[in-house]
Amino acid sequence: MAVAVRGGRGGGGSSLNGGFRSFFSYRLFVSAMFTLLFIATLSVLLTTNPSTPHHDSVIASSGDAYVHRTFLALKSDPLKTRLDLIYKQANDHMTLVNAYAAYARKLKLEISRQLRMFDDLARNFSDLTFRPSYKASLFESDGPVDEDVLRQFEKEVKDRVKIARLMIVEAKESYDNQLKIQKLKDTIFAVNELLIKAKKNGAFASLISAKSIPKSLHCLAMRLVEERIAHPEKYREEEAKPEFEDPTLYHYAIFSDNVIAVSVVVNSAVKNAEEPWKHVFHVVTDKMNLAAMKVWFKMRPVERGAHVEVKAVEDYSFLNSSYVPVLKQLESANLQRFYFENRAENATKDTNNMKFRNPKYLSMLNHLRFYLPEMYPKLHRMLFLDDDVVVQKDLTGLWKIDMDGKVNGAVETCFGSFHRYAQYMNFSHPLIRERFNPKACAWAYGMNMFDLDAWRRERCTEEYHYWQNLNENRTLWKLGTLPPGLITFYSTTKSLDKSWHVLGLGYNPSISMDEINNAAVIHFNGNMKPWLDIAMNQFKHLWTKYVDYEMEFVQVCNFGL
């Protein structure tokens, strides 16, 4: 048993020693194989030449340059490595110089001394690497680098680098500020372009809102016409009242197609009149709105004995194209194209003229004011009111004003250099320049006392026809009724006290309430009419308090809600 045991131990030790010897032999074999493989790979890398020389171009790619420098380091040629570093330094500074030259060009400094110096320096860097002596000895030779040539090349590169750095230090702050200024200018220009575009779009949208018919107003007109059709027996034509031609009464002229606006003008004037039964309102509208206007004043008669006459433009037979220049001009193909082919995409190109490209400026309802003596031949004086005014005081004092032989009594609107004749007419035209003073003070339409006898004596309608015919091509003034009014009544207008007529409630939010409260008539001229959603809230109540909200159709159409 003992022999057996010793034999077993001896056999086990021999086997273990054999295993260790096999393991170490395998490790030696693997290490030797990896060493041979590394030596073979290194030999191939060191004996392989690139197919393209490293310095064939002025600025080599960063990847090739890095690999090439690695090869140079492996070859242990310190001059080659030094040449590569010098070359890289030259290229880096040349790139920086070119960048500053580009900045200078962007800043439009082509004639500046710095730009010329940058261009010359960049050219010198480029020419240096292509100089034959350096190109042959340093970049195209496969042999060892000539240390003297390399030293001379390094000296010239360093000289240029020194100059480049000095130039960059000198110009850096200036160019950085200039670039910031230029960027700021570019930003301001871009923002300004956006602002101009936004203003044009806003003006166009405001114009559409101001000139479009609100849903409630359209509803009201339709309900009134429906009432007329449903009950024709209630709305038969009545004979004209003698009061309509009585020159001893106070006569008003209101020309409009807006039912609710006319009702507010009449209601406000009657409620503030001391003797309302002496007031006669002559309302003229177009044929399309005639029925609605008549039904309104039939359903809601004017209180306190005032009189209302409602007629259509078509009722005045003398207003035809053979007599009225505006109607004749409407038959012109050029004028029709100017107005009715004015597409929305082109409308915002000219913000200043955009509002004048509205056909309403050639509407007879606007130009009827020039025919008052012929429309009302038996009257001596008449007060003209726009449909966007509100009367706040008794107006009979206007009929008592001594007109001094003048035709038109109006409130002047000029202050400083604003609202003078030069603003409304083309003074580059010889006819305008010869006849009128550009600094003459303009006046307001909207509340005008007309002496019809003086009008007939001065033949003002003929004067209006003369100038309107001359302006067929819109060379004397833009459209509208104020410029021809300023011309027609140039020397025949009497200035009234400003408290009679305060303007601007449709565009100017800064009018003081004291001035408004002291005014006999307030005028919502501008785009923000009081019957529109875009009206100014601080002034709207001055108009809405005269709206007849008890009228059933006003309630049905949710007017003003």
(request) Could you note down all residue pairs passing disulfide (SG to SG under 2.5 Å) where residues 212-329 supplies at least one of them, sequence neighbours left out? (result) Cys219-Cys557
(request) Only counting residues at least two apart or in another chain, list the ones meeting salt bridge (Lys or Arg N to Asp or Glu O under 4.0 Å) with Lys378. (result) Glu245
(message) Run the side chain to side chain donor-acceptor pair (under 3.5 Å) test against Ser510 and tell me which residues pass, sequence neighbours left out.
(response) Asn508
(request) Kindly state each residue pair satisfying salt bridge (charged side-chain N to carboxylate O under 4.0 Å, His left out) with at least one member in residues 422-445, sequence neighbours excluded. (result) Arg435-Glu463
(message) Working to the nearest 0.5 angstrom, can you tell me the gap between Asn408 CG and Trp443 CH2?
(response) 4.5 Å
(request) Scan residues 281-304 for pairs that pass ring pair (Phe, Tyr, Trp, His ring centres under 6.0 Å), counting only residues two or more places apart or in two chains. (result) His251-His282, Tyr252-Phe281, His282-Tyr376
(message) One pair to check against ring pair (Phe, Tyr, Trp, His ring centres under 6.0 Å): Tyr490 and Tyr421. What are the steps and the verdict?
(response) CA-CA 10 Å; Tyr490 177 58; Tyr421 270 54; 5.3 Å; yes
(request) Please list, chain by chain and in numerical order, all residues satisfying side chain to side chain contact (heavy atoms under 4.5 Å, CB included) with Ala535, sequence neighbours excluded. (result) Lys540
(message) Test: salt bridge (charged side-chain N to carboxylate O under 4.0 Å, His left out). Region: residues 489-515. Which pairs qualify, not counting sequence neighbours?
(response) Asp404-Lys494
(message) I'd like to check the side chain to side chain donor-acceptor pair (under 3.5 Å) partners of Thr248; sequence neighbours left out, ordered by chain and number.
(response) Asp246
(message) Test: side chain to side chain donor-acceptor pair (under 3.5 Å). Region: residues 262-271. Which pairs qualify, not counting sequence neighbours?
(response) none
(message) Just so I know, are the side chains of His367 and Leu319 near enough to count as touching, which here means a heavy-atom distance under 4.5 Å?
(response) no
(request) Would you give the length of the straight line joining atom CG of Asn525 to atom CG of Leu482, rounded to the nearest 0.5 angstrom? (result) 10.5 Å
(request) With sequence neighbours excluded, give me every ring pair (Phe, Tyr, Trp, His ring centres under 6.0 Å) pair touching residues 298-319. (result) none
(message) Any carboxylate oxygen within less than 4.0 angstrom of a Lys/Arg side-chain nitrogen, looking at Asp387 and Lys529?
(response) no
(request) State, yes or no, whether a side-chain contact exists between His501 and Leu496 at a heavy-atom distance under 4.5 Å. (result) no
(request) Name all residues meeting the side chain to side chain donor-acceptor pair (under 3.5 Å) criterion together with Gln538; count only those two or more places apart in sequence or in a different chain, and write none if there are none. (result) none
(message) My understanding is that only residues two or more places apart in sequence, or in another chain, count here; which of them pass salt bridge (Lys or Arg N to Asp or Glu O under 4.0 Å) with Glu274?
(response) none
